[in-house]
Amino acid sequence: MKKSLKVAYFSMEIGIKSEMPTYAGGLGMLAGDMMRSCADMAVHAACITMCWQHGYMKQTIHPDGSQIYEDRQWNPADYMEKIQQTVTVTLEGREVTVGAWKYELKGLQGTVPVYFLDTNLEENSPADREITKYLYGGDGTMRLKQEVVLGIGGVRMLRALGYKEVGTFHMNEGHAAFLTLELLRERDFKDDAVRPNCAFTTHTPVKAGHDVFAYDLAWKVVGDMLPWHIKKLAGEDALSMTLLAIRLSRYTHGVSKIHGEVSRLMFPDEKIDSITNGIHHLTWASPEMQTVLDTYANGWRQDPTILSHLHCADLPDDAIWQAHQAAKQRLIEEVNKHTLLQFDVNHLTIASARRVVPYKRPELLYQNLERLKEVACGRLQIIHAGNAHPSDTFSQSVIQRMVQRSNSLKDCVKIVYLENYNPDLARLLVSGADIWLNTPTRLYEASGTSGMKACINGVMNLSTLDGWWIEGYGMDPESGWRIGSLARAADIDAHRAIDAEDLYTQLQYEVIPEYYYKNRDRWIRRMKRAIRLVGFFNTNRCVQEYLQKAWVL
Ligand SMILES: *Cc1c(COP(=O)(O)O)cnc(C)c1O
């Protein structure tokens, strides 16, 4: 059977649901939301990804803050249908068999199949069965093998499944760039025959975050799938997956306006546009908020741009407040299962949850404990969550310090650190908190999407101006608060001190008084303005932009 696709979306990870650990963070969550919007909009898309046995690990936090990270067992057969077809790829000169599982994402108007490639098959040697074991685990050799399976194996699997005509092969990050090697082989090694069918999203604003391999190693693993002119495409000194992807794509973009600028500085000779990320509005709105929007923003499910056109008077204050209090109640009940400090539904609640990595500065709020006490005593409760990478002892010590601080500050500020940040916990946090706190070092956050998830629930962002929030705050400064300015500080430590001081100032003179002492109307008006932002920051709009700029065939 001959089948056609508008787009085949290749991504090393995808977040479908908490029980399937096939993702690590924002990149995978974006892939999931993009595919959900494609299904809602009846775009003929398929996703190619990997069937990770262990995408993220089970996190256990001990009372002293130390953590253990363990493999989480799951059985793909509980969630997916095994595909009969298999294909092979050549790794280090030997044939490795690649199978696949199919998950169907059902949307409002269509279904998007997600194919999870798997080398954990009896035909393969024990070592090759482990290629799809750990997402981002292992050394350069392992990473090359994984990228061959995703890129080359992925194209071959699509062909085996009968997809002969594909408008655009989309690379979600450079991990997928080897798909171009199989397309080159199909098309007489003519770059011009490949480029019109490829598009690329770059996600990483720091050079060190881009995959680069020594050519010696690449020859050893990938062998003669590397074309004779690979150095012309992927760089003379080493094989850059980003350059390979850019040079064989007709369209490349970053994931926010600022990230587009940063990417152009990083790759000054290349043409790089930007399409700002979004979220799938229906996935992230709480049930209560969905009911409110069904009543007062009719049509928002199919067409979230309706949210942009809402007037504050369209949404009754009571309805918004009650929907939020219901979500907050649910969050507080969950929190109180995990701490002896009983959290209170009538206290201002800040949530801050994300992968723990240094650039996100998870400890910014604790830069000056005296100042925090002065500002927040008796007025604030704080919820943290986030996994550190099992081999990242620095970030693990950050979590440990945060847990210890929650003990030392407990008579003044209630602080809890919840285990195992995943989409279910994210949904609870982004709908139940009053404030979503985000403190990345400027220019290091490509976009960020968790703050958009907060917005659809009427939860305000308090964030440094980076990634998407430069645009969100710029569209409507009344929809939340900024920390620090757009100006660049002299160095990272000076910048941290300035941002921390401004964070305390915002809390002391803006956020806390507005919540407790001023007119509640003003607060609720901000909630509505936060919701309105999702009229733009949603993945339906992203899909439309991709269709116009990236998926034109
Ligand atoms: C949305 C989400 C992310 C990405 O959020 P950031 O804004 O990049 O921090 C990561 N993990 C989970 C579980 C999410 O739901």
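Nothing here was measured: the structure is a model prediction, and the numbers come from that model. Read the numbers this way: they start at 1 and go in the same order the structure lists the ligands and their atoms. By convention here, the first residue in the shown sequence is residue 1.
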Q) With a cut-off of 4.0 Å, which atoms of ligand 1 are near a heavy atom of G26? A) 4 (C), 10 (C)

Q: Using a strict 4.0 Å threshold on nitrogen-to-oxygen distance, state whether R301 and D40 make a salt bridge.
A: no

Q: Taking only heavy atoms of A426 into account, list the atoms of ligand 1 that are under 4.0 Å away from them.
A: 15 (O)

Q. N/O to N/O below 3.5 Å, does that happen between W284 and ligand 1?
A. no

Q) Just which atoms of ligand 1 are under 4.0 Å from any heavy atom in P423? A) 13 (C)

Q. What residue and atom, counting heavy atoms only, is the protein's closest point to atom 6 (P) of ligand 1, and at what distance?
A. S450 OG, 3.6 Å

Q.
As a check for students: among M29, K453, E445, identify the option with a heavy atom nearest to atom 15 (O) of ligand 1.
A. K453

(Q) Any donor-acceptor pair under 3.5 Å linking the side-chain atoms of N172 with those of H203? (A) yes

Q) Do H280 side-chain atoms and N540 backbone N/O form a donor-acceptor pair below 3.5 Å? A) no

Q | Centroid separation H54 to Y69 less than 6.0 Å | A | no

Q: Taking only Lys NZ, Arg NE, NH1 and NH2, and the carboxylate oxygens of Asp or Glu, determine whether D424 and R427 approach each other closer than 4.0 Å.
A: yes

(Q) Judged on heavy-atom distance to atom 11 (N) of ligand 1, which of W468, W436, Y421 sits nearest? (A) Y421

Q. What atoms in ligand 1 come closer than 4.0 Å to a heavy atom of G448?
A. 7 (O), 8 (O)

Q: Go through ligand 1 atom by atom and flag the ones less than 4.0 Å from a non-hydrogen atom of K360.
A: 6 (P), 8 (O), 9 (O)

Q. In terms of side-chain geometry, is the basic nitrogen of E288 or R330 positioned less than 4.0 Å from the acidic oxygen of its partner?
A. yes

Q) Is K257 salt-bridged to E261, going by a charged N under 4.0 Å from an acidic O? A) no

Q | Sub-4.0 Å atoms of ligand 1 with respect to non-hydrogen atoms of N422 | A | 13 (C)

